[in-house]
Chemist: 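Below you'll find the structure I mean.
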2 protein chains.
Amino acid sequence: MGTTGAITDASLRAFVGYDMKRAFNALQADLSRTLTPFGLRMMTFSALSLVVENPGLRPSQLATVLTIERANLVVIVDELEQRGLLTRTPSTTDRRAHALHVTDQGQSLFAKANRAVAEHDARMIAGVAQHLQPQLKDALRQIENSAKQDVV
Amino acid sequence: MGTTGAITDASLRAFVGYDMKRAFNALQADLSRTLTPFGLRMMTFSALSLVVENPGLRPSQLATVLTIERANLVVIVDELEQRGLLTRTPSTTDRRAHALHVTDQGQSLFAKANRAVAEHDARMIAGVAQHLQPQLKDALRQIENSAKQDVV
DNA sequence: TTCAGATAGTTTTGCCGCATAACTATTATG
DNA sequence: CATAATAGTTATGCGGCAAAACTATCTGAA
């Protein structure tokens with residue numbers, strides 16, 4: 001067995017950051033399994049969702065919302081475009097820019113994937129008391145804001 | 001500017017997983033800045049903390065607690081050992097195994113880093129109502145468990 | 001009006017986190 | 001005692017992500 005008895009991470013458990021890392025890692029691993037049948041990853045699913053919700057979105061805007069660099073978005077859009085899930089058409093008003101639109105095929109795949117993700121998310125949060133669920137989301141958004149403002 | 005008006009991610013915001021990803025990413029970025037002055041990353045800080053708390057821990061046990069593969073722990077321990085923060089000594093009872101111990105220098109560095117991380121963590125959670133903070137941690141641990149059990 | 005600076009998209013490169021496979025040395029077990 | 005299991009290690013590769021450098025285009029101020 002071990003050294004003497006049980007191993008403890010009590011010191012780290014004092015940090016909400018540690019709890020978040022563990023929860024998110026476990027959730028992410030499980031979500032990946034949910035998305036694999038659709039040929040999607042977290043990032044490609046999120047990108048698809050945002051283009052569905054914001055037709056005509058430009059790549060740079062999408063990168064901003066996803067908080068990743070434009071450079072990294074290129075391969076994501078490449079992948080989705082090559083699979084015929086979205087289109088990249090030149091902008092009519094700005095010849096530098098492109099407009100992103102989801103194809104019918106992309107819409108269809110997204111609808112199915114979104115249902116699966118919704119079910120997955122429900123499973124994840126099921127163990128949290130109903131009345132605490134909105135407060136949990138509020139707390140997470142508050143932490144996101146605290147972390148961003150802390151940059152200063 | 002944009003396409004028409006504001007870009008929305010309301011569809012993704014319905015998922016607690018999305019809120020968690022964003023919160024964790026922001027927190028992690030900020031925590032990295034906190035740890036940089038100590039020459040530590042999240043992973044090396046966590047490893048150091050666990051060895052401080054569990055002297056004589058074996059690498060395989062450490063990997064299990066950190067939920068990473070033994071193979072990846074090697075480089076982490078290598079790094080900490082080369083910096084003189086911990087020692088890797090042969091186990092007396094099992095000639096395959098090693099025992100990890102933090103050096104005085106490691107203890108000293110960890111004490112300082114731990115204080116900085118504690119302050120960082122306090123800033124992160126400061127925006128969450130005091131009475132909700134323990135419930136937030138409970139919820140995160142519950143989600144971690146839900147995600148792990150969902151593998152089945 | 002023109003030209004310097006900003007912006008959009010892209011390519012390249014590299015680091016970090018993490019998984020898998022394969023290997024050696026040692027221990028445990030049927 | 002032979003086989004299986006375990007501890008540590010090395011090598012390899014993928015995904016997420018950042019930084020730098022480049023071209024094409026747009027914008028704003030002298």
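Convention: sequence-line order gives letters A, B, ...; per-chain numbering from 1. Worth saying up front: this structure is predicted, and the values here are computed from it rather than measured.
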Chemist: Considering residues at least two apart in sequence or located in another chain, which fulfil the ring-ring contact (aromatic ring centres under 6.0 Å, His included) criterion with A:Phe15?
Modeler: none
Chemist: Tell me: CD of B:Gln28 to P of D:dA18, nearest whole Å?
Modeler: 11 Å
Chemist: Where do A:Tyr18 and A:Asp9 land on the side-chain hydrogen bond (donor to acceptor under 3.5 Å, both in side chains) test, with the steps shown first?
Modeler: CA-CA 10 Å; A:Tyr18 184 72; A:Asp9 61 350; 3.0 Å; yes
Chemist: Show your reasoning for whether salt bridge (charged side-chain N to carboxylate O under 4.0 Å, His left out) applies to B:Glu144 and A:Arg13.
Modeler: CA-CA 13 Å; B:Glu144 180 186 345; A:Arg13 283 292 185 187; 3.4 Å; yes
Chemist: So, the side chain of B:Gln61 versus the backbone of B:Arg58: is there a donor-acceptor pair under 3.5 Å, distance only?
Modeler: yes
Chemist: Tell me, please, which residues at least two apart from B:Glu119 pass side-chain contact (heavy atoms from CB on, under 4.5 Å).
Modeler: B:Arg123
Chemist: What is the separation between atom CZ on A:Arg58 and atom P on D:dC26, rounded to the nearest whole Å?
Modeler: 12 Å
Chemist: Tell me the interatomic distance from A:Leu62, atom CG, to C:dT10, atom P, rounded to whole angstroms.
Modeler: 12 Å
Chemist: Under 3.5 Å between N/O atoms: give me all the protein pairs with nucleotides 25-27 of chain C, atom names plus distance.
Modeler:
from   : atom 1 : to      : atom 2 : distance (Å)
C:dT26 : O2     : B:Arg96 : NH1    : 3.4
C:dT27 : OP1    : B:Arg95 : N      : 2.9
C:dT27 : OP2    : B:Arg95 : NH2    : 3.3

Chemist: Specify the separation, in whole Å, of atom NE2 of A:His98 and atom C1' of D:dT23.
Modeler: 13 Å
Chemist: Within residues 64-86 of chain B, find the residues that approach DNA chain D with a heavy atom at under 4.0 Å, and present them sorted by residue number.
Modeler: B:Arg70, B:Ala71, B:Val74
Chemist: Residues two or more places apart in sequence or in another chain: which of them pass ring-ring contact (aromatic ring centres under 6.0 Å, His included) with B:Phe45?
Modeler: B:Phe110
Chemist: Run the side chain to side chain donor-acceptor pair (under 3.5 Å) test against A:His120 and tell me which residues pass, sequence neighbours left out.
Modeler: A:Asp30
Chemist: I need the CG-C1' distance between A:Leu57 and C:dG9, as an integer number of Å.
Modeler: 14 Å
Chemist: Within the pair A:Arg88 and C:dT10, is there a side-chain N or O less than 4.0 Å away from OP1 or OP2?
Modeler: yes
Chemist: Starting from C1' on D:dA7, measure out to CD on B:Gln61 and report it in whole angstrom.
Modeler: 11 Å
Chemist: Is there a side-chain polar atom (N or O) of A:Asn25 under 4.0 Å from OP1 or OP2 of C:dG17?
Modeler: no
Chemist: Any ion pair linking B:Arg41 and B:Glu79 (charged N to carboxylate O, less than 4.0 Å)?
Modeler: yes
Chemist: Starting the side chain at C-beta, find the nucleotide from C:dG9, D:dC17, C:dC18 nearest to B:Met43.
Modeler: C:dC18
Chemist: Taking B:Thr87 for the side chain and B:Thr89 for the main chain, is one N or O donor matched with an acceptor at less than 3.5 Å?
Modeler: no
